[in-house]
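Accompanying notes for the structure given below.
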2 protein chains.
Amino acid sequence: MELNDRKKLILQAIIDEYIVSAEPVGSRAISKKNELGLSSATIRNEMADLEEMGYLIQPHTSAGRIPSDVGYRFYVNSLMHRYKIGVEAIEELQRELAGRITRLDRAILRAGYLAAAMTDYTTVITTPVGEKTEIKKIDLVPVAEDSVMLIIVTRTVKSRVIKTTLTGDECISVAQVLNAVLTNKTADEISYDVIQEIENICCGKLGIEPKVIINVLNFVYESISELDDGEIYVENAKSILKYPEYRDVDKAREIFSFLEDKNNLKKLIAQTDNDGVRATIGTENEPEILKDCSLVTVNYSLDGKAVGKLGVIGPKRMNYSQVFASLDLISNEIDKLIGYISNDE
Amino acid sequence: MELNDRKKLILQAIIDEYIVSAEPVGSRAISKKNELGLSSATIRNEMADLEEMGYLIQPHTSAGRIPSDVGYRFYVNSLMHRYKIGVEAIEELQRELAGRITRLDRAILRAGYLAAAMTDYTTVITTPVGEKTEIKKIDLVPVAEDSVMLIIVTRTVKSRVIKTTLTGDECISVAQVLNAVLTNKTADEISYDVIQEIENICCGKLGIEPKVIINVLNFVYESISELDDGEIYVENAKSILKYPEYRDVDKAREIFSFLEDKNNLKKLIAQTDNDGVRATIGTENEPEILKDCSLVTVNYSLDGKAVGKLGVIGPKRMNYSQVFASLDLISNEIDKLIGYISNDE
DNA sequence: TATTAGCACTCAACTCTTTTGAGTGCTAAT
DNA sequence: ATTAGCACTCAAAAGAGTTGAGTGCTAATA
């Protein structure tokens, strides 16, 4: 059987309708829209065909049809009309996103929030992770009798407190050595050998006790290794409760648990290695728990390099065209951000 | 009518029972426990009295009784038995909380998480906010052609990127002046006058263009003013869905919305200015939305000074004794943390 | 005088049955 | 090829009946 134009139009109409109503769509409803000028009986025949071809499902004999995963997939690939985001909405987004930003991870968080606000689905966003995090400066600041704060400036700032007997003057000397050796290197260029080289200098020329410096340098190495670890944020999880498919509290709770497990979530979103906006629909999602959901993701870049992911999780009958348009827009806007800012708390 | 010992025992038994069952408690259930050796008829008479006195409520004629807010209040103040947390659980907590901590806000986050894990209610925790944040060091690091990262080291590290035409050498000089004037001052000691004094030095001795330095110093002042702003984290919000009082998805959604509004939440938790663990029960809570919930809060301190809040939000029939004990324990453990660490990302 | 056994009464919640209506598939007419 | 017409299906809503936990009151009892 062939999927001719009329069938496509009917399928499109059914999915469009189902996306807003969340109720099985009957032949009469499609017929009454009158865009095709066909009677319900004709629609009925076509719907039976579409079901046979796997695009539609009938929950029970006397019900209307709902789209199958295959139906959604076809819709997303070929049927869905392009959603055009209004100029004012775009300007609003730009204002919200770029206005008074001084910290990159805050901006990213805000982007996630805005994606959630625009789509009203749950949003997931990762902070930038670049293989090329270049070290700009390292500092050791005594903060108490026996502890020193290690500060590593890259595109962002990371810090941690180290317990050590290093004196104030020693901190300054060690910091000088660290800067001399490490500045302008990327995190992956710094092997443990490099750190040992620093150890030798410190023990030799500076005459610092090996035990003391080894301890400190271990933390330095560890911190540098962790530089590229990203965070993941979930926004608007509550929207899940808004959709009738999650009226069942237990089902909703399962999803909440899933969203709370950040590691799992990172893994999920990392594996969608996409170019442009992509959707995985229902059973296309690996986690069992998402088999009734769709996930739409996009990479965002900074400086032209893909460094993070933005994703939307919602019911399979989500408003794909709007979500696609929103993610596309927001990822582009994030890319523009790097001009203004780059930072971290 | 007098609230004699027997009435107290009965009230206690009813509330204890209701806390676990979430179902109206009948006279027979209490009688059968047989701790008092009274028949259901006698219990019934006492229950009628307790209702008249305002401690109990009968949802409808043929139902058992549930505690009123007044009943809970009396229970919390006078009836509740002290919950004793096991030694292993305490050790477990200490291990989890103090192990490998290098960042203070992470530790706080973990404390919130652990409170949620111990109680299985939703937990709210604020990051430390001290009026006495002492500036340890300030740095200006060029990160791009036209931007400089401002780093302020206190007990934690804050940073932001500033667009400026300041050169690398100028950064060093300005940083020197900033350190000379601001080091060891607390945030509230630094008025705008102090900043202007720095401006004069920079323009005068260093000969930097006023326009350029004013821009930078504005950011410095702003950042210092923001030093004491705290964050608030919500953990285990999903647990709300676990309790029958929130079986109604719409009700749950309202609470989720409330928990998402961080500013409101900060305000709520800030106003409970308490010493030790405190509960506000049902209508004692100001926000309309919490009138069916209880909020239990405790201040935690670092260095002996109260700097943050930890709170638990749950149904009115929450396990108060366990929550009280957990919050008490955790707030004490947080106080001990300051020995090991102090940090920020 | 305090307690309790006994009994009629109440009412939410459950079960079972009936009704409703949206929707289908098939057939015969156009 | 399309459509009007009709019998059929079945989930969901509405209604009717049943159950049972729980009460309040009264009269008997310790």
Side-chain angles (χ1 to χ4, degrees), chain A residues 1-11 13-15 17-18 20-68 71 244-245 247-248, chain B residues 1-11 13-15 17-18 20-68 71 244-245 247-248:
Chain A
M1 204 177 322
E2 194 207 355
L3 191 63
N4 57 27
D5 283 354
R6 193 170 76 176
K7 283 196 171 59
K8 286 183 192 170
L9 281 173
I10 290 172
L11 180 58
I14 290 170
I15 298 182
E17 176 63 25
Y18 186 67
V20 307
S21 72
E23 296 287 331
V25 180
S27 56
R28 227 171 86 86
I30 299 301
S31 165
K32 273 216 281 210
K33 274 205 201 164
N34 210 19
E35 280 157 12
L36 302 153
L38 293 172
S39 79
S40 65
T42 309
I43 305 284
R44 217 140 52 225
N45 290 328
E46 296 286 41
M47 281 164 95
D49 289 353
L50 285 165
E51 183 174 2
E52 201 183 323
M53 294 163 84
Y55 296 106
L56 294 178
I57 289 169
Q58 199 171 22
H60 56 86
T61 322
S62 69
R65 303 301 206 296
I66 62 174
S68 69
E245 24 277 274
R247 275 274 132 183
D248 177 8
Chain B
M1 204 176 322
E2 194 207 353
L3 191 63
N4 58 27
D5 284 354
R6 193 170 76 178
K7 282 196 172 61
K8 286 182 191 169
L9 282 172
I10 292 172
L11 181 58
I14 291 170
I15 298 183
E17 175 65 26
Y18 186 67
V20 307
S21 74
E23 296 287 332
V25 180
S27 55
R28 225 170 88 86
I30 299 301
S31 165
K32 273 214 281 207
K33 275 207 203 163
N34 210 19
E35 279 157 13
L36 300 155
L38 294 171
S39 78
S40 65
T42 310
I43 305 283
R44 218 142 50 225
N45 289 329
E46 296 287 40
M47 282 165 95
D49 288 351
L50 285 166
E51 183 174 2
E52 203 183 321
M53 295 163 83
Y55 295 105
L56 295 177
I57 288 169
Q58 198 171 22
H60 56 86
T61 322
S62 69
R65 303 300 207 295
I66 62 174
S68 68
E245 23 277 274
R247 276 275 132 183
D248 177 9

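Naming: A, B, ... by sequence-line order, numbering from 1 per chain. Predicted, not measured: the structure shown is a model, and the values here were computed from it.
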Taking the side chain as every heavy atom from C-beta outward, state whether [X] and [Y] have any pair of such atoms under 4.5 Å apart.
X     : Y     : value
A/S27 : A/I30 : no
B/K7  : B/I10 : no
A/R6  : A/T42 : yes

Atom [atom1] of [X] and atom [atom2] of [N]: how far apart are they, to the nearest Å?
X      : N      : atom1 : atom2 : result
A/E52  : C/dG25 : CD    : P     : 11 Å
B/R247 : C/dA13 : CZ    : P     : 15 Å
B/L36  : C/dT3  : CG    : C1'   : 14 Å
B/E17  : D/dG22 : CD    : C1'   : 14 Å
A/I43  : D/dT3  : CD1   : P     : 9 Å
A/K32  : C/dG23 : NZ    : C1'   : 13 Å
A/M47  : C/dC26 : CE    : P     : 15 Å
A/I30  : C/dG23 : CD1   : C1'   : 13 Å

Could you tell me whether A/K33 atom NZ has more than 12 heavy atoms of other residues or ligands within 6.0 Å of it?
->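 Yes.
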Report the nucleotide, chosen from C/dT24, D/dT2, D/dT3, that has the shortest atom-to-atom distance to any side-chain atom of A/R65.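 Out of C/dT24, D/dT2, D/dT3, the nucleotide with an atom closest to A/R65's side chain is C/dT24.
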Nucleotide nearest A/L38 (side chain, heavy atoms from C-beta), chosen from C/dA5, D/dG24, D/dT3 =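 Closest of the options to the side chain of A/L38: D/dT3.
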Below 4.0 Å: OP1/OP2 of [N] and any side-chain N or O of [X]:
X     : N      : answer
B/R44 : D/dC25 : no
B/R28 : D/dG20 : no
B/S39 : C/dT3  : no

To the nearest 0.5 Å, atom CD of B/E46 lies from atom CG of B/D49 at 5.5 Å
- In Watson-Crick or G-U wobble terms, both distances under 3.5 Å, what is the partner of D/dC8?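 Matched D/dC8 with C/dG23 under the 3.5 Å cut-off.
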### Task
Report the base-pairing partner of C/dA28 (Watson-Crick or G-U wobble, both distances below 3.5 angstrom), or none.
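Pairing partner, where one exists within any strand: D/dT3.
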What is the nucleic acid contact for B/S27, judged by heavy atoms within less than 4.0 Å: base, sugar-phosphate only, or nothing? sugar-phosphate
What are the two closest heavy atoms between A/I66 and A/P24, and how far apart are they?
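Reported closest heavy-atom pair: CG2-CA, 3.7 Å.
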Of A/E46 and B/A29, the one whose closest nucleotide on DNA chain D sits nearer the 5' end is A/E46
Identify the pairs formed between an N or O of the protein and an N or O of nucleotides 9-13 of chain D at a distance under 3.5 Å, and give each distance.
residue, atom, partner, partner atom, Å
D/dT9, O2, A/S62, OG, 3.1
D/dC10, OP1, A/T61, OG1, 3.1
D/dC10, O4', A/S62, OG, 3.0
D/dC10, O2, A/S62, OG, 3.3

### By ring-ring contact (aromatic ring centres under 6.0 Å, His included) - contacts of A/Y18 (at least two apart)
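With sequence neighbours excluded, A/Y18 shows a ring-ring contact (aromatic ring centres under 6.0 Å, His included) to no residue whatsoever.
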